[in-house]
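Everything below concerns the one structure shown next.
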Amino acid sequence: MWYYYVERGIPILNDHSEFLRKRITELRLKKKVSELKMSHDLGKSAGYIHQIASGRMQPSMENFFEICNYLAVTPAEFWDGENQDPQLLRELMDRLKKLPPETVQTFLTLAGSIPPAKR
């Protein structure tokens with residue numbers, strides 16, 4: 001089981017390998033692509049992503065960046081386990097940056113009145 005603990009107010013992941021495996025699977029499924037297709041698209045062996053997802057191996061840093069690029073997430077977005085849809089959140093942030101502060105405050109007020117989704 002992966003979980004966070006807090007060090008100096010910053011959430012730190014306790015088990016990086018478990019999170020890595022689950023996050024790749026989560027983002028891959030969101031993209032609606034199989035392990036086999038993702039492996040081939042990355043130019044790797046047929047079982048490459050399966051080996052990572054099953055915990056038999058971990059990607060090199062270079063391959064991790066390729067995986068992030070393939071999944072259309074930044075490394076920071078990848079490691080943010082609370083961000084269930086990085087592309088959607090990025091699009092929202094890009095649009096919010098173009099709005100005047102008063103309008104952004106209105107969105108914040110509205111968002112504060114919406115109960116969080118149950119997981």
Side-chain angles (χ1 to χ4, degrees):
M1 173 112 185
W2 58 275
Y3 58 92
Y4 290 96
Y5 68 94
V6 177
E7 181 178 296
R8 294 189 217 162
I10 302 169
I12 305 293
L13 195 59
N14 189 29
D15 185 350
H16 293 71
S17 61
E18 177 84 8
F19 180 84
L20 177 87
R21 297 188 336 245
K22 289 181 182 241
R23 186 67 164 166
I24 287 174
T25 299
E26 173 189 354
L27 295 172
R28 177 184 59 76
L29 291 174
K30 184 168 276 308
K31 189 174 174 122
K32 297 179 179 163
V33 65
S34 69
E35 289 178 344
L36 178 64
K37 177 165 176 33
M38 185 172 168
S39 295
H40 284 157
D41 290 349
L42 290 169
K44 306 296 182 191
S45 68
Y48 178 71
I49 294 299
H50 179 73
Q51 289 177 354
I52 294 170
S54 66
R56 287 188 218 136
M57 66 175 284
Q58 290 191 4
S60 67
M61 283 302 294
E62 181 180 343
N63 289 338
F64 170 72
F65 290 130
E66 290 175 3
I67 289 169
C68 287
N69 187 50
Y70 181 83
L71 296 170
V73 297
T74 66
E77 290 168 337
F78 181 91
W79 291 110
D80 182 0
E82 293 180 1
N83 186 350
Q84 299 299 308
D85 196 331
Q87 294 160 325
L88 188 62
L89 186 58
R90 188 177 332 112
E91 182 180 344
L92 175 63
M93 290 299 297
D94 289 344
R95 290 183 185 199
L96 285 172
K97 288 176 187 178
K98 297 173 185 171
L99 298 174
E102 307 80 41
T103 305
V104 175
Q105 184 58 52
T106 302
F107 274 101
L108 278 173
T109 303
L110 176 63
S113 68
I114 301 171
K118 294 180 181 178
R119 293 186 188 194

**Q.** Pairwise distance CZ(R28) to OG1(T25) - rounded to 0.5 angstrom
**A.** 5.0 Å
Q) Ignoring hydrogens and geometry, is there a side-chain-to-backbone donor-acceptor pair from Q84 to G81 under 3.5 Å? A) yes
Q. Side chains of T109 and T106: does their closest heavy-atom pair fall under 4.5 Å?
A. no
Q: Can you tell me which residue pairs pass the ring-ring contact (aromatic ring centres under 6.0 Å, His included) test with a partner in residues 47-73, sequence neighbours excluded?
A: F64-F78, F64-W79
Q: Look at the side-chain heavy atoms of Ile, Leu, Val, Met, Phe, Trp and Tyr, link any pair under 4.5 Å apart, and say whether M57 and L20 land in one connected group.
A: yes
Q) With sequence neighbours left out, which residue pairs that include part of residues 40-58 fulfil the salt bridge (charged side-chain N to carboxylate O under 4.0 Å, His left out) condition? A) K37-D41, K44-E66
Q. Shortest non-hydrogen contact from V104 to L96?
A. CG2-O, 3.6 Å
**Q.** ILVMFWY network linking I67 to M61, side-chain heavy atoms under 4.5 angstrom
**A.** yes
Q: Check whether any side-chain heavy atom of E35 lies under 4.5 Å from a side-chain heavy atom of M38, and answer yes or no.
A: no
Q) Hey, is the main chain of E77 close enough, under 3.5 Å, to the side chain of R90 for a donor-acceptor pair? A) no
Q: Work out which heavy atom in P75 is nearest to a heavy atom in C68; give both atom names and the distance.
A: CA-SG, 3.9 Å
**Q.** S17 vs Q58 side-chain heavy atoms within contact, under 4.5 Å
**A.** yes
Q: Determine the minimum heavy-atom distance between S39 and G47, stating which atoms define it.
A: OG-C, 4.3 Å
Q | Spacing of N69 atom CG and T74 atom OG1 [to the nearest 0.5 Å] | A | 11.0 Å
Q: Hey, could you give me the CE/CG distance between M93 and L89, rounded to the nearest 0.5 Å?
A: 6.5 Å
Q) Is there side-chain contact between L71 and K30, with heavy atoms separated by less than 4.5 Å? A) no
Q: Flag the pair K22 and E26 as a salt bridge only when some basic side-chain nitrogen lies within less than 4.0 angstrom of an acidic carboxylate oxygen.
A: no
Q) If every non-hydrogen atom of A72 is compared with every non-hydrogen atom of Q87, which pair is closest and at what distance? A) CB-NE2, 2.8 Å
Q.
Using side-chain heavy atoms (C-beta onward) and a distance below 4.5 Å, is I49 in contact with S34?
A. no
